[in-house]
Amino acid sequence: MDVISAGIAQAFRLILSGDQEIVGIIGLSLFVSFSSVILSTCLGMPVGILLGTHSFRGKGVVLRIIYTFMSLPPVIAGLTVFLILMRRGPLGYLQLNYTPTAMIIAQICLVTPIIIGLIYNLVREKAPVVNRLGITLGAGRLEIMFLMIREMRIGLTAAVVSGFGRAISEVGAVMIVGGNIKGKTRVMTTYITELKSMGDYSRAIAIGIVLLIIAFVINAILYNFQEREGK
Amino acid sequence: MELEIRKLVRDYGTKRVLDLESVTIEKGTRTAIIGPNGAGKSTLLNIVSRIDVATEGEVVYESEDPRLVTQVFQQPYMLRTSVERNIQYPLRLRNWPEEGMKKRSNELMEDLGLLDLRHQKAWKLSGGETQKVALARALSFQPSLLLLDEPTANIDPATTAEIEEMLLKINREEGTTILFVTHNLAQARRVCNRLLFLDKGKLVESGDCQEILQNPKEEKTRRFIAGELLI
Ligand SMILES: Nc1ncnc2c1ncn2[C@@H]1O[C@H](COP(=O)(O)OP(=O)(O)O)[C@@H](O)[C@H]1O
Ligand SMILES: [Mg+2]
């Protein structure tokens with residue numbers, strides 16, 4: 001019990017004192033996850049919208065694959081990206097393994113399917129209804145497009161926020177491709193793993209608190225969206 | 001003449017769900033469209049309001065302006081904004097000045113007893129309130145043709161009466177032509193002066209509403225009305 005309470009007290013001291021190493025690690029975590037979410041959004045949003053508004057042969061298979069990838073275990077994403085980027089792998093000449101770039105790529109593999117899946121569901125449900133309303137109220141094509149974006153803004157943002165939640169909290173993918181190298185690829189989740197094995201519990205708790213706060217903010221945003229949108 | 005159909009066909013695959021010849025809707029009339037489920041009533045309305053397209057034939061409108069036709073659905077979609085803004089949305093599309101917009105929406109809200117709800121979130125209203133907002137929104141821009149697809153199917157009698165009264169008023173004061181799909185024959189009798197009876201995509205009988213309901217010429221119409229009256 002003493003270890004835990006002392007750890008928590010020490011953790012707050014570390015956070016409040018702005019410990020250089022901890023600040024750097026939090027910064028890298030946020031950088032990697034923000035980057036992967038932004039890129040995943042650029043990839044996933046158009047795909048989700050197209051899937052939600054068009055039908056074609058084989059769509060059912062595509063959707064099943066996407067749903068599967070929505071719950072892809074992070075270690076598998078990490079391993080796959082690692083194998084592709086390793087020196088003897090197909091993209092080995094890029095020498096990206098053990099860099100933040102590789103971590104961003106691995107997280108894109110995790111986050112993009114989530115964003116596609118959530119946006120697909122949203123668009124499939126709302127686009128036909130909003131389209132038909134727009135037409136009957138005299139909106140032109142461009143006006144209907146604006147209307148769609150406005151009507152779905154909360155759902156679209158929620159998809160992106162969910163993707164960020166996934167990215168910031170996973171450990172498997174960034175561990176495998178990043179390697180948890182101090183000052184280079186160490187992020188909050190991999191650092192916690194390391195601190196635990198070293199027995200440095202107060203630092204582990206400090207990082208854990210920060211992660212928890214981030215998770216709380218993310219869920220507060222999502223909850224707030226639900227409150228606003230729900231019937 | 002509000003609109004004229006010389007031939008209108010709608011196929012889904014090999015199934016012909018609408019197959020009409022020669023229907024004319026005169027300006028300022030209130031026409032009930034009745035018929036069993038699957039008769040093609042909604043299909044007809046949707047083609048007239050341009051959210052569906054005919055396989056063959058076309059609708060000829062008196063006015064060239066497509067923005068003078070509007071439709072109210074059984075389950076209307078409410079924009080994620082206030083009641084007032086929902087009603088004003090078509091006017092914003094048409095660049096009405098703020099003053100005119102306020103005046104028009106206030107009149108409509110007053111007629112339909114919506115003034116107290118003006119600042120409420122429109123998507124959280126009850127079914128009856130939603131239907132009244134949808135009607136006010138459709139009427140805001142003074143359409144020349146109003147299409148209604150079973151608007152009072154799940155609505156309480158008091159609200160239904162308000163809606164019926166509003167339809168009669170708008171027809172009387174603004175000359176709005178009304179095409180009204182309903183399963184309620186008493187309602188057709190209260191609101192309409194013309195009637196189309198559809199069955200299996202075909203026009204079985206058309207003419208004066210009261211006359212047909214009292215004295216149908218076609219056997220099919222007679223059986224339908226008799227069956228309905230038993231309920
Ligand atoms: N999207 C669609 N795909 C296939 N069949 C449809 C579609 N929409 C309507 N139908 C068919 O067209 C027929 C007429 O439907 P509808 O116009 O909705 O009838 P009503 O409104 O008179 O009950 C029905 O048999 C229905 O099953
Ligand atoms: Mg119908």
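None of these values were measured; they are calculated from a predicted model. Numbers restart at 1 for each chain; the letters A, B, ... are given by sequence-line order, proteins then strands.
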Could you tell me whether [X] atom [atom1] has more than 12 heavy atoms of other residues or ligands within 6.0 Å of it?
| X | atom1 | answer |
| --- | --- | --- |
| A:Y223 | OH | no |
| B:K103 | NZ | no |
| B:K102 | NZ | no |
| A:K126 | NZ | yes |
| A:Y67 | OH | yes |
| B:E107 | CD | yes |

TODO: Write down the atom of A:E151, the atom of B:R80, and the distance for their closest heavy-atom approach.
DONE: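 Looks like OE1-N, 2.9 Å.
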All heavy atoms of B:Y89 vs all of A:E143, minimum pair found to be OH-O, 4.3 Å
Enumerate donor-acceptor pairs with a distance under 3.5 Å from any side-chain N or O in residues 129-138 of chain A to protein atoms, sequence neighbours excluded.
residue: A:T136; atom: OG1; partner: A:R132; partner atom: O; Å: 3.1
residue: A:T136; atom: OG1; partner: A:L133; partner atom: O; Å: 2.9

For residues 133-160 of chain B against chain A, heavy atoms under 4.5 Å, the residues are B:R137, B:A138, B:F141
